[in-house]
*Asks:* 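Before I ask anything, here is the structure I am working with.
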Amino acid sequence: MIIITRRGVTDEELDHIRERVESLGPRTHLIRGTHRTVVLCIGEQEDLANVSMLSIPGVESVRAVMKPYKLASLEADMEPSEVALGSSTIGGKALSIIAGPCSVEDLEMLQSTGRHVKAGGASALRGGAFKPRSSPYAFDGLGEDGLKILAEVRAETGLPIVTEVMDTRQVDLVAEYADMLQIGARNMQNFSLLTEVGRLHRPILLKRGMSAKIEDLLLAAEYIMKQGNMDVVLCERGIRTFETATRNTFDLAAIPVLKKETHLPVVADPSHAAGRRDLVPALSYAAIAAGADGLIVEVHPDPEMAVSDGDQSLTFDEFTSLMDGLAPFAEAAGRTLETSNGTG
Ligand code: PEP
Ligand code: MN
């Protein structure tokens, strides 16, 4: 059940509402939306059956949440959430473009990529320092040295950094450097990792597992939110099907489905979905047309020499033309694209 509070509800009223509910058994979670704060009550509905909720000061209305993902459900919040990342916001009118290499390889390549994607209108820089690789013999990232390189390029470009955390033991270290922590597809149901990042006060980019249903993705987000971290951004990055023409099958329909189911922002990763750079623009345009709040794209100064995911990484010129090509789609979707000088 959720309690929707009146506009301008005071902290004292919120405390009182929560105390009242908790005294009857259910646990409560506070969700502070941009305009409205709601109190989510988790427990037996019957416990609250005999209480006149509407007579408690600050309460405007009460409704049942039928979905299993209570905090992520659109019913819980009633308005789309915005997640702050650096000086920008994911989920607002402006599209968020997170761009950068699959892996951080060295300072020079990250610096040149950071400068280029910033000039092209990216709002954040991606790059893996800890890399999940299918083969245990493949390059698995520079670790903390990679995080230091990311921080150095952030200092120069001002771009917030998005990087993956693979293991509960790395959470504190990665959180020391990252502005947003990525949970990769292979870890979407690593429940201890989800719980651990749920304790952070740092936004999380949660990628859909390659065999995960949309409901599984939302329940994974719920694990993070249940710990108190509401700043979750969902990412559709393609799923495994029988199709082999692309690395994964981009589930375009997941975007409008998620937009109906959840208040959380949704971005698309056309690079991992396609596995081929020639398809990245078409999937990007489709994602924005379908309602995505942004993209996460792989860009490399010399994809042929990339230590990971070279085939799907855009060159600098291709990134520039992707951004140019995106403009009419953004406009048609009622969104703006940030440019390097920060205007839409
Ligand atoms: C990545 O972003 O480089 C990555 C490994 O993504 P995914 O977890 O979606 O495969
Ligand atoms: Mn990659």
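Bear in mind the structure is a predicted one, so any value in this text is a computation, not a measurement. Counting starts at 1 for both ligands and their atoms, in listed order.
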*Asks:* H116 vs F319 aromatic rings, parallel, tilted or perpendicular, using cut-offs 30° and 60°?
*Replies:*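 Rings of H116 and F319: perpendicular, as their planes differ by over 60°.
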
*Asks:* State the atom name: nearest N, O or S atom of E298 to the Mn ion (ligand 2).
*Replies:* OE2

*Asks:* Calculate the angle formed at the Mn ion (ligand 2) by SG in C102 and NE2 in H272; 10° precision is enough.
*Replies:*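 The SG/NE2 angle about the Mn ion (ligand 2) sits at 170°.
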
*Asks:* Is the closest heavy-atom distance from C102 to ligand 1 below 4.0 Å?
*Replies:*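 Right, C102 reaches ligand 1.
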
*Asks:* Quick test of your reading of the model: are R247 and D311 salt-bridged, counting only N-O distances below 4.0 Å?
*Replies:* no

*Asks:* Using the salt bridge (Lys or Arg N to Asp or Glu O under 4.0 Å) rule, collect all pairs that involve residues 161-188, keeping only residues at least two apart or in two chains.
*Replies:* R154-D179, D167-R169

*Asks:* Answer yes or no: is there an ion pair linking D309 with K131, defined by an N-O contact shorter than 4.0 Å?
*Replies:*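 No, no charged N to carboxylate O under 4.0 Å.
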
*Asks:* Tell me the contacting part of M210 for ligand 1: side chain, backbone, both, or neither, using a 4.0 Å heavy-atom threshold, strictly below.
*Replies:*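 The answer is neither; M210 stays 4.0 Å or more away.
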
*Asks:* Which atom name does D309 have for its N/O/S atom nearest to the Mn ion (ligand 2)?
*Replies:*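 Going through the N, O and S atoms of D309 one by one, OD2 ends up nearest to the Mn ion (ligand 2).
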
*Asks:* Would you indicate which of R237, K207, E164, M188 comes nearest to atom 6 (O) of ligand 1 when only heavy atoms are counted?
*Replies:*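 Considering heavy atoms of R237, K207, E164, M188, the nearest to atom 6 (O) of ligand 1 sits in K207.
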
*Asks:* Would you tell me whether S192 and T168 have side-chain atoms, one donor and one acceptor, within less than 3.5 Å of each other?
*Replies:* no

*Asks:* Strictly under 4.0 Å, does any heavy atom of Q182 approach an atom of ligand 1?
*Replies:*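 The answer is yes, since Q182 has a heavy atom less than 4.0 Å from ligand 1.
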
*Asks:* Please write down residue, atom name and distance for the protein heavy atom closest to atom 4 (C) of ligand 1.
*Replies:* H272 NE2, 3.3 Å

